[in-house]
Amino acid sequence: MSITRSVCIFIGLFFISLSTVCHAKQINSSEKVIYTEQEFIKAFDGKSRKEVQKILGKPDKKTIATRPETADQFTEKAGDTRLKKDAVEMWYYSKIVKFNDKKIYKLIELTFANDKCVNFSFAF
């Protein structure tokens, strides 16, 4: 009786580990989705950073926009401290958007302003 029980436990653990491996392969294969330009724009326009990272994963690189020191000289409301400053951040991904059937963009930049994706740049 104990041998049969041990065999059943072994078989159960084998199938659980097999399903875990298969699920992990599905996740890895879904990460490499290649979008067309329009698909990419429609999928991520207006999305939050959290939503984008959930779909695309961690970006290859992140940068934060900085305001030039002399910017106040050229703005209409220079010195007005009541104005809210926008938080602008750029995220970079590589080789996930295709230009046509044969070419893939090397670099894609997503610009977030106040946690919403507002701009896309594609570079070869």
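Values reported hereafter were calculated over all heavy atoms of this structure, with side chains retained and with hydrogens, waters and symmetry mates removed. Model, not experiment: these values are computed from the prediction.
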Going from [atom1] on [X] to [atom2] on [Y], what distance comes out if it is rounded to the nearest 0.5 angstrom?
X: Glu37; Y: Phe99; atom1: CD; atom2: CZ; value: 6.5 Å
X: Ser121; Y: Tyr92; atom1: OG; atom2: OH; value: 8.0 Å
X: Leu110; Y: Glu89; atom1: CG; atom2: CD; value: 11.0 Å
X: Lys47; Y: Ile55; atom1: NZ; atom2: CD1; value: 6.5 Å

What about [X] and [Y], same hydrophobic cluster or not, with Ile/Leu/Val/Met/Phe/Trp/Tyr joined at side-chain heavy-atom distances under 4.5 Å?
X: Val118; Y: Val52; value: no
X: Tyr93; Y: Phe122; value: yes
X: Ile96; Y: Ile104; value: no
X: Ile34; Y: Leu56; value: no
X: Phe44; Y: Val97; value: yes

When you measure from the side chain of Gln53 to the backbone N and O of Lys50, does any donor-acceptor pair fall under 3.5 Å?
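No: the side chain of Gln53 does not pair with the backbone of Lys50.
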
With distance as the sole test, does Asp60 use its side chain to make a donor-acceptor pair with the main-chain N or O of Ser94 at under 3.5 Å?
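It does hold such a pair.
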
Should [X] and [Y] count as side-chain neighbours, where that means a heavy-atom distance under 4.5 Å?
X: Lys98; Y: Lys103; value: no
X: Tyr35; Y: Ile41; value: no
X: Asp45; Y: Phe120; value: yes
X: Thr111; Y: Val88; value: yes

Is the positively charged end of Lys106 above the ring of Phe124, judged by distance under 6.0 angstrom from the centroid and angle within 45° of the axis?
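Lys106 over Phe124 ring: no.
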
Does any pair with a residue in residues 108-124 pass salt bridge (charged side-chain N to carboxylate O under 4.0 Å, His left out), and if so which ones, sequence neighbours excluded?
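Only Arg49-Asp115 qualify under salt bridge (charged side-chain N to carboxylate O under 4.0 Å, His left out).
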
Ignoring hydrogens, what is the shortest heavy-atom contact between Pro59 and Lys62? Give both atom names and the distance.
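Where Pro59 meets Lys62 most closely, the heavy atoms are CG-CE, 3.5 Å.
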
